[in-house]
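Working notes, beginning with the structure itself.
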Amino acid sequence: MDVVNRYITINNHINIAPQDSDFELKASPLSLSLDPASNVVIVKNLYVSIDPYQLNRMKSFSASQKTSDFAVAIVPGEAIDTYGVGKVVASTNPEFDKGDIVVGLLNWGEFTVIKAGGMLNKLNPMGFPLSYHVGILGFSGLTAYAGLFEICKPKKGEKVFVSAALGSVGNLVGQFAKLSGCYVVGCAGSKEKVALLKEKLGFDDAFNYREETDLNSTLKRYFPNGIDIYFDNVGGEMQEVAVSNMNINGRIAVCGVISEYLDSEKRAAPSMIEVIYKRIKIQGFLAGDYLNIFGDFLSTTCDRLRTGKIQPLEDISDGVESIPSAFISLYRGQNIGKKIVKIAEE
């Protein structure tokens with residue numbers, strides 16, 4: 001039996017803000033009849049993750065391409081892999097049966113062919129929507145959990161600042177920090193997002209960074225007694241002013257530098273005198289560094305979801321053809337929470 005597999009590719013390397021014309025929807029026949037010796041799994045993709053870091057993979061060069069197996073360069077014209085959830089429709093791999101729900105590295109497309117050794121695991125949804133396992137119960141959630149608890153180690157009463165606070169990671173960091181008894185302030189790019197942070201997610205306060213002309217004064221206003229923890233999703237000037245407002249023994253988890261993704265010259269230049277004399281810890285990290293705590297993260301987060309102590313925040317588009325616009329929306333500040341594309345019904 002053959003099916004038509006539609007999938008998204010890039011036409012060329014993308015070194016600036018992505019545009020619709022950078023992407024192409026391709027289609028090719030795919031046989032579901034497998035050689036018994038092939039040890040292959042074919043997955044019907046159901047939900048796929050849309051993440052800002054993918055832009056670094058699309059560039060002609062990025063330092064990230066040489067340092068992580070999850071960030072290798074994307075070749076124009078080839079399928080693009082990402083984290084996702086799907087359903088097995090054919091398998092000669094003894095570990096997977098037709099009908100299994102799975103999670104792992106799938107393609108920005110309708111089907112994924114996964115050879116032996118590919119990143120794929122059976123999924124127990126545990127009563128949650130499958131989309132949760134792409135975001136809040138997937139790598140976005142693990143990133144927030146590991147960055148906050150493993151790197152920043154919050155204590156009750158500490159002051160926490162989160163940039164891009166309504167993004168896939170930032171919104172969870174703020175919620176985790178509030179449950180730890182911290183005072184939490186986030187920044188976002190619109191009045192509507194600020195309202196969501198305070199009214200839906202329970203942040204103590206929030207501000208629209210686009211309306212602020214002096215970010216240093218802004219942080220002094222929201223943190224008159226200084227910042228203990230900064231969860232950095234943007235880099236650039238925001239990182240600089242955060243360092244200037246940190247307390248002694250402050251901790252900074254550097255999760256992303258989206259301002260630099262679009263402009264490699266726009267790099268943060270924090271005061272190293274402040275870093276030294278305040279004994280500030282600044283640590284970059286990847287979710288893959290903390291797979292050893294995935295079980296703890298999953299158990300804790302599921303419990304908090306079931307009790308309503310954490311609110312999931314998803315932004316879901318429909319259909320493989322919507323993937324380019326979903327990705328572009330990340331760089332226009334249009335997403336609210338975790339950006340996901342629903343490819344098909346189960």
If we ignore hydrogens and angles and just use 3.5 Å, is the side chain of Lys281 paired with the main-chain N or O of Ile151 as donor and acceptor? yes

Using modelled atom types only, decide if a donor and an acceptor are shared between the side chain of Ser180 and the backbone of Cys182 within a distance under 3.5 Å. no

Should Val103 and Tyr83 count as side-chain neighbours, where that means a heavy-atom distance under 4.5 Å? yes

Considering all heavy atoms, the nearest Ser317-Lys339 contact: OG-NZ, 2.7 Å

For the side chain of Asp232 and the backbone of Gly235, is there at least one donor-acceptor N/O pair under 3.5 Å apart? yes

Answer yes if the side chains of Gln175 and Asn171 hold a donor-acceptor pair under 3.5 Å, and no otherwise. yes

Carefully, step by step, assess Ser329 and Asn335 under the rule side-chain hydrogen bond (donor to acceptor under 3.5 Å, both in side chains). CA-CA 6 Å; Ser329 74; Asn335 66 297; 5.3 Å; no

How long is the span from the CD1 atom in Ile14 to the CG atom in Leu262, to the nearest 0.5 Å? 11.0 Å

Counting only heavy atoms from other residues, nucleotides and ligands, does the tally under 6.0 Å from NZ of Lys122 exceed 12? yes

Okay, side chain of Glu24, backbone of Thr9: is any donor-acceptor separation there less than 3.5 Å? no

So which atom in Phe297 and which in Leu142 form the shortest heavy-atom distance, rounded to 0.1 Å? CZ-N, 3.4 Å

Taking only Lys NZ, Arg NE, NH1 and NH2, and the carboxylate oxygens of Asp or Glu, determine whether Lys178 and Asp204 approach each other closer than 4.0 Å. yes

Taking every non-hydrogen atom, the tightest pair across Gly236 and Ser259: N-OG, 3.6 Å

Same cluster (ILVMFWY, side-chain, under 4.5 Å), Val234 and Val162: no

Heavy-atom pair of closest approach, residues Gln334 and Lys193: N-NZ, 4.3 Å

Would a 4.5 Å heavy-atom cut-off, applied to side chains only, mark Thr143 and Cys255 as touching? yes

Asn11 versus Asp22, side-chain donor and acceptor atoms under 3.5 Å: no

Checking the side chain of Lys44 only, and the main-chain atoms of Val88 only, is there a donor and an acceptor separated by less than 3.5 Å? no

Close side-chain approach of Phe327 and Phe23, heavy atoms under 4.5 Å: yes

State plainly whether the residues Arg279 and Glu274 are in salt-bridge range, i.e. N to O under 4.0 Å. no

Between Lys191 (side chain) and Phe207 (backbone), is there a donor-acceptor pair under 3.5 Å? no

Checking side-chain polar atoms at under 3.5 Å, does Tyr230 have a donor or acceptor matched by the opposite partner on Ser163? yes

Can you spot which of Asn5, Thr82, Thr112 makes a side chain to side chain donor-acceptor pair (under 3.5 Å) with Asn45? Thr112

Separation between CG (Asp296) and CD (Glu150), nearest 0.5 Å, reads 8.5 Å

Cluster link Ile310 to Leu130, ILVMFWY, side chain under 4.5 Å: yes

Could you tell me whether Asp228 and Lys153 make a salt bridge, using a distance below 4.0 angstrom between a side-chain N and a carboxylate O? no

Using side-chain contact (heavy atoms from CB on, under 4.5 Å), reason through Val275 and Ile282 one step at a time and then give a plain yes or no. CA-CA 8 Å; Val275 172; Ile282 304 177; 3.9 Å; yes

For the aromatic rings, using the six-membered ring if either is Trp, is the centroid distance between Phe176 and Tyr145 under 6.0 Å? yes

Asp51/Lys338 ion pair, N-O < 4.0 Å: yes

Atom CG of Leu179: over 12 foreign heavy atoms under 6.0 Å: yes

Just so I know, are the side chains of His133 and Met126 near enough to count as touching, which here means a heavy-atom distance under 4.5 Å? yes

Considering only heavy atoms from C-beta outward, does the side chain of Ile136 approach that of Phe128 to under 4.5 Å? no

Are any of the side-chain heavy atoms of Phe96 and Val102 separated by less than 4.5 Å? yes

Full working for side-chain contact (heavy atoms from CB on, under 4.5 Å) between Leu313 and Ile336: CA-CA 7 Å; Leu313 203 60; Ile336 294 178; 4.1 Å; yes

Nearest 0.5 angstrom please: Ser68 OG to Arg57 CZ, how far? 9.0 Å

If you group Ile, Leu, Val, Met, Phe, Trp and Tyr by side-chain heavy-atom gaps below 4.5 Å, do Val254 and Phe231 land in one group? no

Main chain of Gly295, side chain of Ser299: is a donor-acceptor contact present, judged purely on distance under 3.5 Å? no

Parallel, tilted or perpendicular: which fits the ring planes of Phe161 and Phe223, with parallel below 30° and perpendicular above 60°? perpendicular

Check for me, please, whether Leu298 and Leu148 land in the same ILVMFWY cluster - side-chain distances under 4.5 Å, paths through other members count. yes

Does the Asp100 side chain pair with the main chain of Asp97, one donor and one acceptor, at a distance under 3.5 Å? yes

With a 3.5 Å cut-off and no angle check, do the side chains of Thr92 and Asn39 form a donor-acceptor pair? no

Dump the intermediate steps for salt bridge (charged side-chain N to carboxylate O under 4.0 Å, His left out) on Arg267 and Glu237, then the final yes or no. CA-CA 8 Å; Arg267 296 179 179 173; Glu237 183 186 2; over 6 Å; no

Asp318/Lys342 salt bridge by N-O under 4.0 Å criterion: no

Where is the tightest heavy-atom contact between Ile114 and Leu105, given as atom of each residue plus distance? CD1-O, 4.0 Å

Quiz question: by atom type and distance under 3.5 Å, do the side chains of Ser64 and Lys59 form a donor-acceptor pair? no

same_hphob_cluster(Leu46, Leu106) at 4.5 Å side-chain heavy-atom cutoff: no

Phe285 to Gly147 - nearest heavy-atom pair and separation: CZ-CA, 3.5 Å

Among side-chain atoms of Asp214 and Ser217, is any donor-acceptor pair under 3.5 angstrom? yes

So do Thr301 and Arg304 actually touch side chain to side chain, heavy atoms under 4.5 Å? no

Check the surroundings of atom CG in Asp69: do more than 12 heavy atoms from other residues, nucleotides or ligands lie under 6.0 Å from it? no

Is the backbone N or O of Leu286 less than 3.5 Å from a side-chain atom of Asp289, with the two atoms forming a donor-acceptor pair by type? yes

Are any side-chain N or O atoms of Trp108 and backbone N or O atoms of Ser49, one a donor and one an acceptor, separated by less than 3.5 Å? yes

Thinking salt bridges, do Arg221 and Glu212 make one under a 4.0 Å N-O criterion? yes

Under the side-chain contact (heavy atoms from CB on, under 4.5 Å) rule, what do Ile80 and Gln54 come out as? Steps first, then yes or no, please. CA-CA 9 Å; Ile80 298 168; Gln54 294 278 44; 4.1 Å; yes

